[in-house]
Trainee: 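Would you mind keeping the following structure in view while I ask a few things?
Chain letters run A, B, ... following the sequence lines, proteins first and then strands; every chain starts at 1. Just the heavy atoms: all of them, side chains too, but no hydrogens, waters or symmetry mates, feed the values below.
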Amino acid sequence: GQQVQQSPASLVLQEGENAELQCNFSSTATRLQWFYQRPGGSLVSLLSNPSGTKHTGRLTSTTVTKERRGSLHISSSQITDSGTYLCAMGSNTGYQNFYFGKGTSLTVIP
Amino acid sequence: GPKVLQIPSHQIIDMGQMVTLNCDPVSNHLYFYWYKQILGQQMEFLVNFYNGKVMEKSKLFKDQFSVERPDGSYFTLKIQPTALEDSAVYFCASSLALRGGRPYEQYFGPGTRLTVL
């Protein structure tokens with residue numbers, strides 16, 4: 001079945017440092033979407049990026065579809081960025097179910 | 001932005017009972033999804049639903065599970081009977097219909113935490 005691998009599993013940064021989160025997927029995805037999962041569990045959609053590079057605020061998503069990989073760059077990390085970042089691959093069927101990675105747990109310390 | 005609501009936020013039931021989880025999708029959306037996340041594990045696709053029918057389901061979508069959206073109201077996930085391994089957070093999502101092969105973004109609800117005792 002579809003597989004999504006995220007790395008690293010966890011990351012600790014000092015405030016102000018940059019973070020680079022990686023995502024690899026097992027088959028051609030029509031879309032890659034990054035989510036932030038709050039400690040309580042709710043999801044916040046960050047960026048949806050089928051290919052190329054997209055920016056929003058301090059976030060940059062880069063997806064290289066042919067190489068089945070994507071990344072999320074967080075610049076100038078803040079303590080409030082702490083949480084779990086999920087990479088989700090849209091399936092290549094018509095219904096675009098998401099297949100999720102296990103997430104990267106980010107902790108930003110002062 | 002568009003919001004998906006889920007009711008209730010928490011549900012505790014005894015094993016063997018029936019439970020219905022309710023999702024209020026974004027009003028003009030036509031595709032609906034359920035995902036399951038066991039505590040500490042990754043989120044996994046259960047089922048999608050369009051035009052009154054299940055279009056795809058995963059192996060996690062057991063025979064005890066069913067979905068429906070009667071009369072365009074809530075999109076529901078029913079589990080009957082429940083088992084201990086059904087304890088998880090269930091997320092509902094919705095999206096606009098596909099157009100020209102390009103999918104629209106899925107919007108996720110906040111989840112319903114189900115505890116089966």
Trainee: Which atoms of B:Tyr107 come close to chain A, meaning under 4.5 Å heavy atom to heavy atom: side chain ones, backbone ones, both, or neither?
Mentor: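 Contact with chain A is absent: no heavy atom of B:Tyr107 under 4.5 Å.
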
Trainee: Please lay out, stage by stage, how B:Tyr33 and A:Phe98 fare under the test ring-ring contact (aromatic ring centres under 6.0 Å, His included).
Mentor: CA-CA 9 Å; B:Tyr33 310 79; A:Phe98 274 126; 7.8 Å; no

Trainee: Does B:Lys62, at its NZ atom, have more than 12 non-hydrogen atoms belonging to other residues, nucleotides or ligands within less than 6.0 Å?
Mentor: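 Enclosed: over 12 neighbouring heavy atoms sit under 6.0 Å from NZ of B:Lys62.
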
Trainee: For the atom pair CG (A:Leu86) and CE (B:Met43), what is the distance rounded to the nearest 0.5 Å?
Mentor: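 Those atoms lie 5.5 Å apart.
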
Trainee: Is the count of non-hydrogen atoms from other residues, nucleotides or ligands lying under 6.0 Å from B:Tyr74 atom OH greater than 12?
Mentor: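 Incorrect, the count does not exceed 12.
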
Trainee: For the hydrophobic clusters of this structure (ILVMFWY residues joined by side-chain heavy atoms under 4.5 Å, transitively), does one cluster hold both B:Val67 and B:Tyr50?
Mentor: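 No.
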
Trainee: Grouping I, L, V, M, F, W and Y whenever their side-chain heavy atoms are under 4.5 Å apart, do A:Val44 and A:Leu47 come out in a common cluster?
Mentor: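 Same cluster.
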
Trainee: If I compare all heavy atoms of A:Gln33 with all of B:Gln106, which pair ends up nearest, and what's the gap?
Mentor: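 The pair with the smallest heavy-atom distance is NE2-O, 4.0 Å.
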
Trainee: Tell me whether the count of non-hydrogen atoms from other residues, nucleotides or ligands lying under 6.0 Å of CG in B:Leu39 goes above 12.
Mentor: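 Result for CG/B:Leu39: open.
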
Trainee: Cut-off 3.5 Å, side chains only: do B:Gln37 and A:Gln37 have a donor facing an acceptor?
Mentor: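 Side-chain D/A pair, B:Gln37 to A:Gln37: present.
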
Trainee: When rounded to the nearest 0.5 angstrom, what distance separates CG in A:Leu43 from CZ in B:Phe108?
Mentor: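 A:Leu43 atom CG to B:Phe108 atom CZ measures 6.0 Å (nearest 0.5 Å).
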
